[in-house]
Amino acid sequence: MSRDVSISAFTSSASFSKVLGVLLETGWQVRDVAGTSYLPLSAVDVSDWKMFSADSVDLVLEECRRRESVGLQPGLVLLRKNDDWGGQFLWLDGRVLVATLNVNVSDDWDLGRAASDIGRPLEEAGIALERFVVERG
Amino acid sequence: MTAGRRLVLAIGVLVAALVCLAAQAGAADRSISPPSYQETRLGRAELRPTGAKVKHASEAPTRAGGSCDRNESMGAAPRCSATDAHGECSEALNSTYQPATSRTALRFVATNSVGASSKGLVGAGYEEFLGTNLGGRTNVSYGGRQFEVELPGTNGMGSTLIEAKSGNYWNDVVSTPQGLAKFQHDIGSRTAIARSQGSSFVVYSNTPIPASVQAWLTSRGSPFKVL
């Protein structure tokens with residue numbers, strides 16, 4: 001079993017740009033432990049990540065927006081600015097954010113941090129959450 | 001006493017001596033009968049030879065057999081921290097086994113433990129099982145991500161990183177679109193990280209992998225194994 005923490009945030013409707021904008025304003029960064037990691041426009045499916053690339057944040061964001069515009073799922077790795085933990089964020093169907101927090105997340109990692117650092121900022125930004133599920137594994 | 005009676009008496013003594021020797025040989029055979037193993041409540045294989053007491057290397061050798069205890073939390077029993085590619089307890093054979101005459105019997109037990117007892121294990125228990133029985137180390141980290149088991153490379157090939165799935169995991173994956181998406185995006189990134197390390201990446205499960213997931217893994221060139 002993985003030590004990862006899985007998050008599913010169900011919104012009524014929230015675009016990738018809006019959700020990401022909120023996260024970037026509340027302590028998240030587009031970066032991985034080395035470089036940037038994301039789903040490029042050419043990815044065959046949501047497993048086809050470009051990991052630890054030297055691509056700029058602007059290029060990553062542009063690729064994500066282009067995926068969304070053609071009906072593909074945008075995905076990228078975000079880390080907390082000061083704490084250096086985070087993981088992969090993926091947008092499904094324009095309303096579901098799924099995240100796998102797998103970077104520097106240990107067994108005793110406080111699940112409440114997911115709610116305080118992801119769920120609450122979204123709600124405070126006016127993005128209604130129908131459900132917010134946090135679980136290990 | 002006649003010569004005939006002397007002859008009969010001598011034959012009787014000889015037969016009695018042969019019967020006694022045969023009985024001693026039989027006792028020696030029983031003392032090296034194959035050990036058995038049992039499951040611990042922690043879900044890991046605890047290997048103990050039949051009728052033999054666990055001994056540390058510093059103690060007096062047992063008459064026959066010994067033990068290989070792979071469970072570090074089982075009190076004073078010696079721990080096996082090194083296994084070979086077949087899951088055999090190589091360290092124990094060198095340092096904690098008291099082999100006497102039964103090295104073959106001990107190897108029989110260790111080989112039998114491979115793949116024999118993963119049923120019902122979940123989470124860390126299954127990871128420990130894989131690490132012990134496949135001869136790998138558990139909880140290694142690459143690219144900031146934790147991998148559950150790493151098997152050493154052989155013949156110039158890189159290591160193998162393992163993702164272990166157990167319990168009801170597959171039900172969660174196939175029951176919702178987001179479950180499948182999480183599985184796929186996580187497997188994809190781990191595969192990429194493994195390749196960047198020169199390693200291969202394999203999904204292990206102790207429960208049947210749904211056909212749809214198998215098809216997807218196959219289409220992505222991702223090996224999987226049920227053990």
Side-chain angles (χ1 to χ4, degrees), chain A residues 1-11 31-35 37-40 43-53 72-77 79-80 83-93 95-107 109 131-133 135-137, chain B residues 43 121-130 138-149 161-170 172-173 175-197 201 203-206 213 216-217 219-222:
Chain A
M1 190 171 110
S2 170
R3 271 65 174 165
D4 305 343
V5 172
S6 293
I7 296 170
S8 300
F10 298 82
T11 70
R31 67 180 176 90
D32 206 328
V33 293
S37 299
Y38 65 104
L39 288 174
V44 296
D45 63 22
V46 296
S47 72
D48 198 11
W49 288 82
K50 188 172 185 179
M51 300 295 295
F52 311 134
S53 77
L72 298 173
Q73 300 94 336
L76 75 174
V77 170
L79 298 185
R80 294 291 291 176
D83 299 337
D84 214 30
W85 58 268
Q88 298 162 215
F89 289 70
L90 184 69
W91 276 256
L92 300 177
D93 306 326
R95 59 178 290 271
V96 182
L97 164 65
V98 297
T100 301
L101 303 181
N102 53 10
V103 178
N104 298 326
V105 173
S106 58
D107 284 343
W109 195 81
R131 275 198 299 148
F132 188 80
V133 181
E135 55 195 345
R136 294 195 185 277
Chain B
L121 299 180
V122 295
Y126 182 47
E127 295 166 18
E128 291 283 343
F129 170 85
L130 290 175
T138 55
N139 297 326
V140 298
S141 182
Y142 291 107
R145 278 78 167 173
Q146 199 167 40
F147 290 84
E148 287 148 359
V149 181
L161 300 173
I162 291 176
E163 179 75 5
K165 301 299 186 187
S166 58
N168 290 321
Y169 176 80
W170 298 114
D172 297 335
V173 167
S175 61
T176 62
Q178 62 270 19
L180 183 60
K182 282 182 194 171
F183 170 72
Q184 291 178 334
H185 85 161
D186 189 46
I187 291 299
S189 65
R190 290 180 183 280
T191 300
I193 292 171
R195 286 175 180 162
S196 72
Q197 300 292 326
F201 180 76
V203 175
Y204 271 72
S205 175
N206 67 348
V213 176
W216 180 80
L217 288 168
S219 71
R220 297 286 292 124
S222 299

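Labels below follow one simple rule: chain letters A, B, ... track the order of the sequence lines, proteins then strands, and each chain is numbered from 1.
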Taking every non-hydrogen pair under 4.5 Å, which of [options] racks up the most with chain A?
options                                : result
B:Gly143, B:Ser141, B:Ser222           : B:Gly143
B:Ile193, B:Ile187, B:Thr176, B:Thr191 : B:Ile193
B:Ser189, B:Gly188, B:Ser196           : B:Ser189

Minimum heavy-atom distance [X]-[Y], with the two atoms named:
X        : Y        : answer
A:Val98  : B:Gln178 : CG1-CB, 3.5 Å
A:Trp49  : B:His185 : NE1-O, 3.1 Å
B:Ala181 : A:Leu92  : CB-CD1, 3.8 Å
A:Val44  : B:Arg220 : CG2-NH1, 4.0 Å

Legend entry - Beyond-backbone contact of B:Asp172 with A:Glu135, side-chain heavy atoms, under 4.5 angstrom: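 A side-chain contact under 4.5 Å is absent here.
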
Legend entry - Side-chain heavy atoms of B:Arg195 within contact of A:Met51, under 4.5 Å: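 No, side chains not in contact.
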
Legend entry - Gap separating the OG1 atom of A:Thr100 from the CZ atom of B:Phe183, nearest 0.5 angstrom: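 Separation between the atoms: 11.5 Å.
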
Legend entry - Interatomic spacing from NZ in B:Lys182 to CG in A:Leu90 - rounded to 0.5 Å: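 It is 10.5 Å, given to the nearest 0.5 Å.
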
What part of [X] lies closer than 4.5 angstrom to a heavy atom of chain B: side chain, backbone, both or neither?
X       : value
A:Leu79 : neither
A:Asp93 : neither
A:Asp84 : neither

Legend entry - Engaged part of B:Asn139 at the chain A interface, taking heavy atoms whose separation is under 4.5 Å: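 The answer is the side chain of B:Asn139.
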
Legend entry - Lys/Arg N to Asp/Glu carboxylate O, A:Asp4 vs B:Arg190, below 4.0 Å: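 Yes, charged N to carboxylate O under 4.0 Å.
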
